[in-house]
S.K.: 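Provided herewith is a single structure, encoded as structure tokens, for subsequent inquiry.
Positions are given from 1, in the same order as the sequence printed here.
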Amino acid sequence: MAAETVPAVAAKGLDAEGCIEREGSLGLVPHPFRPVVAAARDRVLDLFGSRLHSAYLYGSIPRGTARVGRSDLDLLLALNEEPTEADREDVRMLGEALDGEFPQIDGAGTLLYSRTLLLSELERHDMGWFVACLCTPLLGDDLAEYLPRYRPDSLLARETNGDLALLLPRWRERIDAADSDETRRRLVRFTSRHLVRTAFTLVMPRWNGWTSDLAEMAEVFAAYYPERADLVRTAAVLGRSPSTDTAVLRTYADDLGPWLADEYTRVHGTKTPRP
């Protein structure tokens, strides 16, 4: 049970009507990353042409907080039709090419969906919210125009991160299969960020605000669950500067993760099952 109801920091990230403000803009992209963004934009167009409905940036680069040599390039693409396995392989290769060519980024990843799925009722409070609030338009017709405004409520919490219990077995498989320091480092970064964001959205409706800053997310969570605060604060640090320590991953999979999944279910329920 939560032991504290006083927010760690003042709630923010909402407009005058209490809806989550869209974060990021092309104007905030730091100068060293602008050539990367320009190259990504041009290559996405070359790759998909008229099949592309719209393209978006998300993460630290459009928020203006990216660090040279430490931050990755995050893209989301919406196609006019369902993407194929060949399409997924194409964007994987695109990410590898950008990562190899531009030393200012540490990895490049692309989420690939159809326009229909992103606007579907099933994804309204998950990927739809993600596009409308966390993605910065790069190309095409902005899907946010067809989506509602979002509040930091329990429904949003449930549909964004209410599936942690389903993910943990896959994480354990990936931990067992990690056979290099680079693989472990990327896995620590990914799982750390995921757990901090899940911890934050657990308390987000009570805090009644939004932030994408990992350290701030950890502090908000800490005010409500001080007994778990140190683990989440550590995860926030590792989400930005990951280690290669397998013990960290085991702690996530066997301690913090299961506890967080159980508490999330108790407070918000479980995410609507996907096909």
S.K.: Determine whether F130 and L111 make a side-chain contact, defined as any pair of heavy atoms from C-beta on separated by less than 4.5 Å.
M.R.: yes
S.K.: In terms of heavy-atom contacts, does CD of E89 have more than 12 from other residues, nucleotides or ligands at under 6.0 Å?
M.R.: yes
S.K.: Measure from the side-chain N and O atoms of D213 to the backbone N and O of E216, and report whether any donor-acceptor pair falls under 3.5 Å.
M.R.: yes
S.K.: Taking all atoms of both residues into account, what is the closest heavy-atom pair of G27 and R34, and its distance?
M.R.: O-NH2, 3.8 Å
S.K.: Side chains of Y150 and H125: does their closest heavy-atom pair fall under 4.5 Å?
M.R.: yes
S.K.: Between the main-chain N or O of R240 and the side-chain N or O of R67, is there a donor-acceptor pair closer than 3.5 Å?
M.R.: yes
S.K.: Step by step, work out the salt bridge (charged side-chain N to carboxylate O under 4.0 Å, His left out) result for E263 and R228.
M.R.: CA-CA 12 Å; E263 185 66 1; R228 291 279 174 170; over 6 Å; no
S.K.: Is any side-chain heavy atom of T246 less than 4.5 Å from a side-chain heavy atom of I175?
M.R.: yes
S.K.: Do W129 and L75 sit in one hydrophobic cluster, given that two such residues count as connected whenever their side-chain heavy atoms are within less than 4.5 Å of each other, even indirectly?
M.R.: no
S.K.: Tell me, with the steps shown, if L73 and L57 meet side-chain contact (heavy atoms from CB on, under 4.5 Å).
M.R.: CA-CA 8 Å; L73 173 71; L57 293 172; 3.9 Å; yes
S.K.: For V188 and S192, which heavy atoms make the closest approach, and how far apart are they?
M.R.: O-OG, 2.6 Å
S.K.: Do NZ/NE/NH1/NH2 and the carboxylate oxygens of E85 and R92 come within less than 4.0 Å?
M.R.: no
S.K.: Please check if any side-chain donor atom of S54 sits under 3.5 Å from a side-chain acceptor atom of R115, or the reverse.
M.R.: no
S.K.: Taking the side chain from N80 and the backbone from S50, do they hold a donor-acceptor pair closer than 3.5 Å?
M.R.: yes
S.K.: Would you say the side-chain atoms of T265 and D262 include a donor-acceptor pair closer than 3.5 Å?
M.R.: no
S.K.: Provide the closest heavy-atom pair for L77 versus L52 in the form atom of the first, atom of the second, distance.
M.R.: CB-CD1, 4.2 Å
S.K.: Which residue in the set D72, D106, D181 passes salt bridge (Lys or Arg N to Asp or Glu O under 4.0 Å) when paired with R186?
M.R.: D106
S.K.: I'd like to know whether F102 forms a ring pair (Phe, Tyr, Trp, His ring centres under 6.0 Å) with F33, so could you lay out the CA-CA distance, the side-chain angles of the two residues, the decisive distance to 0.1 Å, and finally the verdict.
M.R.: CA-CA 9 Å; F102 294 97; F33 295 94; 10.0 Å; no
S.K.: Would you call the rings of Y225 and F221 parallel, tilted or perpendicular if under 30° counts as parallel and over 60° as perpendicular?
M.R.: parallel
S.K.: Would you find a donor on one side and an acceptor on the other, under 3.5 Å apart, between the side chain of H53 and the backbone of G140?
M.R.: no
S.K.: How would you list, by chain and number, every residue that makes a salt bridge (Lys or Arg N to Asp or Glu O under 4.0 Å) with D176, sequence neighbours excluded?
M.R.: R250
S.K.: As a quick check of understanding, evaluate side-chain contact (heavy atoms from CB on, under 4.5 Å) for F190 and W171, giving each step before the final call.
M.R.: CA-CA 10 Å; F190 168 77; W171 288 13; 3.8 Å; yes
S.K.: Are the side chains of V232 and L260 in contact, using a 4.5 Å heavy-atom criterion?
M.R.: no
S.K.: What do the steps show when you test N161 against H194 for side-chain contact (heavy atoms from CB on, under 4.5 Å), and what is the final call?
M.R.: CA-CA 9 Å; N161 289 305; H194 194 106; 4.2 Å; yes
S.K.: Indicate yes or no for a side-chain donor-acceptor contact from T201 to the backbone of R197 under 3.5 Å, with no hydrogens or angles considered.
M.R.: yes
S.K.: Would you say I61 and V91 are hydrophobically clustered, going by side-chain heavy atoms of ILVMFWY under 4.5 Å?
M.R.: yes
S.K.: Under 3.5 Å, side chain of T160 to main-chain N/O of A157, donor-acceptor pair present?
M.R.: yes
S.K.: Are any of the side-chain nitrogens in D74 or R63 under 4.0 Å away from the carboxylate oxygens of its partner?
M.R.: no
S.K.: Could you go through the ring pair (Phe, Tyr, Trp, His ring centres under 6.0 Å) check for F200 and W207 one step at a time?
M.R.: CA-CA 9 Å; F200 168 72; W207 188 59; 5.7 Å; yes
S.K.: Is it true that L134 and L138 fall in one hydrophobic cluster, defined by side-chain heavy atoms closer than 4.5 Å?
M.R.: no
S.K.: Does R184 pair with D245 as a salt bridge, N-O distance under 4.0 Å?
M.R.: no
S.K.: If you define the side chain from C-beta out and look only at heavy atoms, does anything of Y56 sit under 4.5 Å from L139?
M.R.: no
S.K.: For the side chain of R185 and the backbone of S243, is there at least one donor-acceptor N/O pair under 3.5 Å apart?
M.R.: no
S.K.: State yes or no: do L28 and V37 share one hydrophobic cluster built from I, L, V, M, F, W and Y residues joined by side-chain heavy-atom distances below 4.5 Å, directly or via other members?
M.R.: no
S.K.: Kindly compute the distance separating CG (L256) from OG1 (T251), expressed to the nearest 0.5 Å.
M.R.: 8.5 Å
S.K.: Looking at S71, S212, S60, which hits side-chain contact (heavy atoms from CB on, under 4.5 Å) with T65?
M.R.: S60
S.K.: Looking at A165 and A261, what are the two nearest heavy atoms and their distance?
M.R.: N-CB, 3.8 Å
S.K.: Would you call F48 and L112 a side-chain contact if the rule is heavy atoms closer than 4.5 Å?
M.R.: yes
S.K.: Salt bridge (Lys or Arg N to Asp or Glu O under 4.0 Å): which pairs involve residues 123-144, sequence neighbours left out?
M.R.: R22-D142, E121-R124, E123-R274, D126-K271, D126-R274
S.K.: Assess whether a salt bridge exists between R233 and E219, defined as any Lys/Arg side-chain N lying under 4.0 Å from an Asp/Glu carboxylate O.
M.R.: yes
S.K.: Run the numbers on M204 and S154 for side-chain contact (heavy atoms from CB on, under 4.5 Å), then give the verdict.
M.R.: CA-CA 8 Å; M204 173 186 68; S154 187; over 6 Å; no
S.K.: Does R172 use its side chain to pair, donor to acceptor, with the backbone of A253 at less than 3.5 Å?
M.R.: yes
